[in-house]
Amino acid sequence: MSRSKESGEKSRAASDLFTDLYPALAGWCRRLVDDDGTAHEIASEAFTRLWSHWTAVQEPRGFLYVTAANLVRDHWRKLDRERRALRQATAEAELDQYREGADASVPVRMLVRSLPERLRTPVLLYYYADLPVREIARLTRRKEGTVKSDLHAARELLRAGLGGHLDHTH
């Protein structure tokens, strides 16, 4: 078979694959990222990566879905980093307002909000929902000792954020 005929067949196969799989792949991505534009970007990128490995890929459909899943995971990680940065920036801005003479109840709420989720969840459940350590451990699927340790670490961070003053009510 001539090189140009072989190239034409590969190109036709690639075009057929795109026509057959792109809508389903983009729809699948849409359900995962909840945004049409992002879903199409991810599906397009998966096909771009497939084209760059076209001759080496044995199962194009599987390659596309695995690649798209990895791109979705990267997208979620990016969103999580952005949310954490925004939450941190918001907490810092509100703490700055407090330092300038704002309401005295703001710092504890903002400090709790700025805790890492691993520490924030037990604090909210223990101090705000008034749940016992045993129940928090069950709900978070952690050991009781871990919950106690997380509460201790959170209190230390809160104490430091309040300049060493923290009332021991629990």
Side-chain angles (χ1 to χ4, degrees), residues 21 23-50 59 61-170:
L21 289 182
L25 182 65
W28 183 74
C29 292
R30 170 68 170 86
R31 287 187 298 277
L32 295 172
V33 299
D34 201 29
D35 176 67
D36 284 333
T38 303
H40 285 285
E41 286 176 25
I42 289 171
S44 296
E45 179 64 21
F47 270 96
T48 300
R49 292 182 184 189
L50 172 63
E59 177 51 52
R61 184 177 192 278
F63 180 92
L64 287 168
Y65 276 88
V66 167
T67 301
N70 289 335
L71 292 167
V72 165
R73 184 195 66 229
D74 293 346
H75 171 74
W76 288 341
R77 286 180 178 165
K78 179 184 175 199
L79 287 179
D80 190 47
R81 284 190 304 270
E82 290 171 354
R83 284 185 197 117
R84 280 190 309 233
L86 181 61
R87 188 171 46 242
Q88 184 66 33
T90 302
E92 288 173 7
E94 289 177 356
L95 283 171
D96 287 344
Q97 287 177 344
Y98 165 73
R99 289 182 188 115
E100 294 170 6
D103 179 11
S105 66
V106 172
V108 173
R109 182 172 46 96
M110 289 303 97
L111 285 170
V112 168
R113 207 164 130 196
S114 69
L115 289 171
E117 186 173 344
R118 171 183 72 78
L119 301 178
R120 185 175 54 248
T121 299
V123 164
L124 292 173
L125 293 173
Y126 188 75
Y127 290 105
Y128 293 87
D130 205 28
L131 295 177
V133 169
R134 175 177 285 132
E135 182 67 7
I136 296 168
R138 187 184 68 75
L139 290 170
T140 60
R141 294 187 175 112
R142 298 180 188 164
K143 295 180 179 178
E144 286 184 42
T146 302
V147 171
K148 289 177 183 179
S149 175
D150 288 347
L151 286 169
H152 175 75
R155 280 192 297 270
E156 291 302 313
L157 288 171
L158 294 171
R159 183 177 288 115
L162 291 170
H165 306 293
L166 186 62
D167 181 27
H168 293 285
T169 59
H170 274 279

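The first residue of the sequence shown is numbered 1, and numbering continues consecutively from there.
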Trainee: Distance check, rounded to the nearest 0.5 Å: Ile42 atom CD1 versus His40 atom NE2?
Mentor: 11.0 Å
Trainee: Give, for atom SG of Cys29 and atom CG of Asp35, the distance between the pair rounded to the nearest 0.5 Å.
Mentor: 11.5 Å
Trainee: How close do Leu119 and Asp150 get, heavy atom to heavy atom, and via which atoms?
Mentor: CD2-O, 3.4 Å
Trainee: What do the steps show when you test Val112 against Tyr127 for side-chain contact (heavy atoms from CB on, under 4.5 Å), and what is the final call?
Mentor: CA-CA 11 Å; Val112 168; Tyr127 290 105; over 6 Å; no
Trainee: For Glu117, does the CD atom have more than 12 heavy-atom neighbours from other residues, nucleotides or ligands under 6.0 Å away?
Mentor: no
Trainee: Is a side-chain donor or acceptor of Trp76 paired with a backbone partner of Leu71 at a separation under 3.5 angstrom?
Mentor: no
Trainee: How far apart are the closest heavy atoms of Val147 and Ala137, and which atoms are they?
Mentor: CG2-CA, 3.7 Å
Trainee: Quick check against the 3.5 Å criterion: does Arg120 have a side-chain atom that pairs as donor or acceptor with the backbone of Leu115?
Mentor: yes
Trainee: How many angstroms lie between CG in Leu125 and CG in Asp130, if you round to the nearest 0.5 Å?
Mentor: 11.0 Å
Trainee: Measure the spacing between OG of Ser149 and CZ of Arg118 and express it to the nearest 0.5 Å.
Mentor: 7.5 Å
Trainee: Give the minimum heavy-atom separation between Leu25 and Ala46, together with the two atoms involved.
Mentor: CD2-CB, 4.1 Å
Trainee: Would you check if the side chain of Thr67 reaches a backbone N or O of Phe63 as a donor-acceptor pair within less than 3.5 Å?
Mentor: yes
Trainee: Under the ring pair (Phe, Tyr, Trp, His ring centres under 6.0 Å) rule, collect the residues that match up with His152, sequence neighbours excluded.
Mentor: none
Trainee: Counting only heavy atoms from other residues, nucleotides and ligands, does the tally under 6.0 Å from CZ of Arg61 exceed 12?
Mentor: no
Trainee: Is the shortest heavy-atom distance from the side chain of Val133 to the side chain of Tyr126 under 4.5 Å?
Mentor: yes
Trainee: Would Asp34 and Arg30 count as a salt bridge (charged side-chain N to carboxylate O under 4.0 Å, His left out) here? Give the steps.
Mentor: CA-CA 5 Å; Asp34 201 29; Arg30 170 68 170 86; 3.0 Å; yes
Trainee: Which distance, rounded to the nearest 0.5 Å, do you find between the CG of Leu151 and the NZ of Lys148?
Mentor: 10.0 Å
Trainee: State the CG-CD1 distance between Leu124 and Ile136, to the nearest 0.5 angstrom.
Mentor: 9.5 Å
